[in-house]
Amino acid sequence: MQAVVLVGGQGSRLRPITYDVPKPMVPLRNRPFISYMVDFLRSGGVDRAVLSMGYLPDPIQEYFEKQKMDGFELDYVVEDRPLGTAGGLKNAQSALDGGPVVVTNGDVLTGMRLESLIEAHRESGALATIALTSVEDPTAYGLVEVDHNMKVHRFVEKPAYDEISTSLINAGIYVLEPEVLEMIPAGKEVSIEREIFPRLQQSGRLYAYVSSSYWKDIGTPRSYLTASQDVLSGAIAGGEDFDYRESHPSIEVGKSVKILPPFSIERDCVLENGCTVGGRTALGRGCRIGEEAVVEGSILFDGVRVEPGAIIRGSIVGPNVRIGHRAIVRGLAVLGAECVIGEGNVLDQGIRVNPRVNLPPRSLRF
Ligand code: GDD
Ligand code: MG
């Protein structure tokens with residue numbers, strides 16, 4: 001089986017992180033997100049995939065060129081302007097073999113069994129089968145209404161509150177027959193959700209497959225941080241309580257340091273005397289956590305420096321950020337690459353600091 005993974009979006013809801021790091025490369029347990037997608041495809045019997053790229057393609061391609069793929073084949077197509085979800089798929093057509101294709105959004109993390117979706121697709125004789133999951137609030141997704149035979153009756157992308165008739169939504173994973181690619185005009189911006197699925201629904205050949213497995217779109221700071229914490233506590237590996245306690249042998253640990261599971265600590269990190277790190281935290285390569293500092297429930301990208309006495313809780317800290325003495329970063333704050341947070345600042349309530357901003361000491365409080 002072949003696949004196309006759509007990874008060309010700008011990741012605008014994950015800014016300021018995605019100004020520097022494309023969404024497929026943000027780390028989960030210190031591995032780029034996209035590697036989980038590749039594992040998902042491989043374990044479902046896919047042996048080649050085309051990455052449909054646009055925004056910041058180079059880091060993605062460079063990452064895979066360094067990986068051992070053991071027989072899994074990856075191709076890349078890059079669009080010079082955004083073609084949308086169907087346009088990005090059409091753009092990958094020349095790299096496909098003319099048979100059915102699995103298509104996925106590049107930002108979903110799931111424990112779903114891909115084989116079951118493929119099987120359901122084969123049995124129904126549909127032109128396209130969409131995997132569905134249920135969420136509390138469908139307004140940020142594609143709402144999908146089905147009948148008792150799993151035939152799709154309605155597909156509404158980003159429904160308004162008064163359009164919500166079900167909690168089932170498009171999980172961003174499809175199996176498509178080659179005819180569907182023929183419905184997409186080439187070289188134009190086309191949305192599969194707004195233009196192609198509604199047309200397939202009208203022809204009566206759009207089906208769905210409902211999954212109750214773990215599923216999350218990592219496209220917002222809240223869902224990305226939750227996904228990271230879920231991966232660290234083993235939630236996607238089947239639900240059993242498994243606490244990752246991963247630390248690279250190269251890390252330096254001072255006196256009276258508390259490391260609380262689960263955690264993932266990459267190579268060359270330094271944990272100075274009396275600091276506390278963990279509780280579903282991931283530290284990227286070469287982070288330094290100062291004396292008596294606390295880092296809990298957070299994601300720190302590579303090269304972050306946390307000065308003594310600073311506190312970071314439930315937040316996302318981009319690459320090479322510096323957090324000053326006794327500063328407090330909490331409440332889902334998101335700090336862009338290389339910013340410097342001066343001593344004694346308090347960042348809270350989902351504040352987002354743009355890359356390379358230099359915040360003078362004691363300039364913000366909440
Ligand atoms: N190649 C290419 N070109 N890829 C794109 C483009 C583009 O112009 N625009 C978006 N993508 C990729 C994104 O990188 C992402 O992996 C995927 O397509 C979906 O785009 P998002 O921007 O993340 O969409 P969404 O999260 O608002 O909604 C989509 O996903 C939901 C599930 O997570 C829709 O498919 C919804 O129907 C669905 O419920
Ligand atoms: Mg998304």
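Computed from a prediction, not measured in an experiment: that's the story for all the values here.
The hydrophobic clustering, which links ILVMFWY residues whose side-chain heavy atoms are closer than 4.5 Å, places V304 and I259 together. The hydrophobic clustering, which links ILVMFWY residues whose side-chain heavy atoms are closer than 4.5 Å, places L283 and V257 together. Hydrophobic clustering (ILVMFWY, side-chain heavy atoms < 4.5 Å, transitive): I265 and I323 are in one cluster. The hydrophobic cluster containing L206 also contains V210, counting ILVMFWY residues as joined when their side-chain heavy atoms lie under 4.5 angstrom apart, directly or transitively. F33 and Y55 are members of different hydrophobic clusters when ILVMFWY side chains are connected at heavy-atom separations under 4.5 Å.
With sequence neighbours excluded, no residue satisfies side chain to side chain donor-acceptor pair (under 3.5 Å) with N91. Partners of R356 by salt bridge (Lys or Arg N to Asp or Glu O under 4.0 Å), not counting sequence neighbours, listed by chain and number: D20, E338.
Distance check: N30 CG to S35 OG gives 11.0 Å after rounding to the nearest 0.5 Å. Interatomic distance, I328 CD1 to S315 OG, rounded to the nearest 0.5 Å: 11.5 Å. Taking CZ of R322 as the start and CG of L335 as the end, the distance is 14.0 Å to the nearest 0.5 Å. For the atom pair CD of E115 and CG of L117, the computed distance is 10.5 Å after rounding to the nearest 0.5 Å. With values rounded to the nearest 0.5 angstrom, C287 atom SG is found 6.5 Å from D302 atom CG. For the atom pair M183 CE and L127 CG, the distance stands at 7.5 Å (nearest 0.5 Å).
Side chain of S223 to backbone of D217: a donor-acceptor contact under 3.5 angstrom is found. When atom types are taken as modelled, the side chain of N273 and the backbone of K255 share a donor-acceptor pair closer than 3.5 angstrom. Between the side chain of N105 and the backbone N or O of D107 there is no donor-acceptor pair closer than 3.5 Å. Checked by atom type and distance alone, the side chain of E292 never pairs as donor or acceptor with a backbone atom of G309 at under 3.5 Å. One N or O on the side chain of T281 and one on the backbone of G297 form a donor-acceptor pair closer than 3.5 Å. Side-chain atoms of Y224 never come within 3.5 Å of backbone atoms of V26 as a donor-acceptor pair (strictly under, hydrogens ignored). Y214 contributes no side-chain N or O that, together with a main-chain N or O of D230, makes up a donor-acceptor pair within less than 3.5 Å. A donor-acceptor pair under 3.5 Å links the side-chain atoms of S363 to the main chain of P360, judged by distance alone. Without hydrogens or angle criteria, S298 side chain to G314 main chain gives a donor-acceptor distance under 3.5 Å. Put simply, the side chain of Q2 gets close to the backbone of D97: a donor and an acceptor are under 3.5 Å apart.
Residues L14 and P221 are in side-chain contact: their nearest non-hydrogen atoms beyond the backbone lie under 4.5 Å apart. Between Y209 and S124, the closest side-chain pair of non-hydrogen atoms is not below 4.5 Å. At least one side-chain heavy atom of R280 sits under 4.5 Å from a side-chain heavy atom of S233. Put simply, the side chain of Q10 reaches to within 4.5 Å of the side chain of R15, judged on heavy atoms. At least one side-chain heavy atom of L74 sits less than 4.5 Å from a side-chain heavy atom of F72. Proximity of V317 to V295: side-chain heavy atoms (C-beta onward) are nowhere separated by under 4.5 Å. I311 has its side chain out of reach of E296: every pair of non-hydrogen atoms, C-beta onward, lies at least 4.5 Å apart. Considering only heavy atoms from C-beta on, W215 comes within 4.5 Å of V108 through its side chain.
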Go through I118 and M1 one step at a time and tell me if the side-chain contact (heavy atoms from CB on, under 4.5 Å) criterion holds.
CA-CA 10 Å; I118 297 172; M1 190 55 132; 4.1 Å; yes

Begin from the C-alpha positions of V7 and K23 and carry the test side-chain contact (heavy atoms from CB on, under 4.5 Å) through to its verdict.
CA-CA 8 Å; V7 288; K23 190 158 64 171; over 6 Å; no

With side-chain contact (heavy atoms from CB on, under 4.5 Å) as the criterion, how do F301 and I316 come out once you've worked through the C-alpha distance, each side chain's angles and the decisive distance to 0.1 Å?
CA-CA 8 Å; F301 282 55; I316 302 171; 4.0 Å; yes

For side-chain contact (heavy atoms from CB on, under 4.5 Å), just list the numbers for Q93 and E182, CA-CA rounded to whole Å, side-chain angles, deciding distance to a tenth of an Å, and then say yes or no.
CA-CA 10 Å; Q93 189 175 14; E182 299 311 323; 2.9 Å; yes

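A salt bridge is defined here as a Lys NZ or Arg NE, NH1 or NH2 lying under 4.0 Å from an Asp or Glu carboxylate O, and E73 with R48 meets this definition. Salt-bridge annotation for R31 and D39: present, with a side-chain N of the basic residue lying under 4.0 Å from a carboxylate O of the acidic one. Note on E343 versus R326: no salt bridge recorded, every NZ/NE/NH1/NH2 to OD/OE distance being 4.0 Å or above.
A208 approaches V146 most closely through the heavy-atom pair CB-CG1, 3.6 Å. Here the closest heavy-atom approach between residue L168 and residue S134 is recorded as CD2-CB, 4.0 Å. Minimum heavy-atom separation, H153 to Q201: O-NE2, 3.0 Å. Closest non-hydrogen pair, E307 versus A293, comes out as O-CB, 3.9 Å. Closest approach of P319 to V21, counting heavy atoms only: CG-CG2, 4.2 Å. When every heavy atom of G87 is checked against every heavy atom of I184, the shortest pair comes out as N-CG2, 4.4 Å.
At a cut-off of 3.5 Å, with distance as the only test, a side-chain donor of R154 or S165 sits close to an acceptor on the other residue. Side-chain contact check for R113 and S116: at least one donor-acceptor pair (N or O, by modelled atom type) lies under 3.5 Å.
Atom CZ of R29 has more than 12 heavy atoms from other residues, nucleotides or ligands within 6.0 Å. Counting heavy-atom neighbours within 6.0 Å of K258 NZ, excluding the residue itself, gives a total of 12 or less.
Two rings, from F197 and Y174, have their centers less than 6.0 Å apart.
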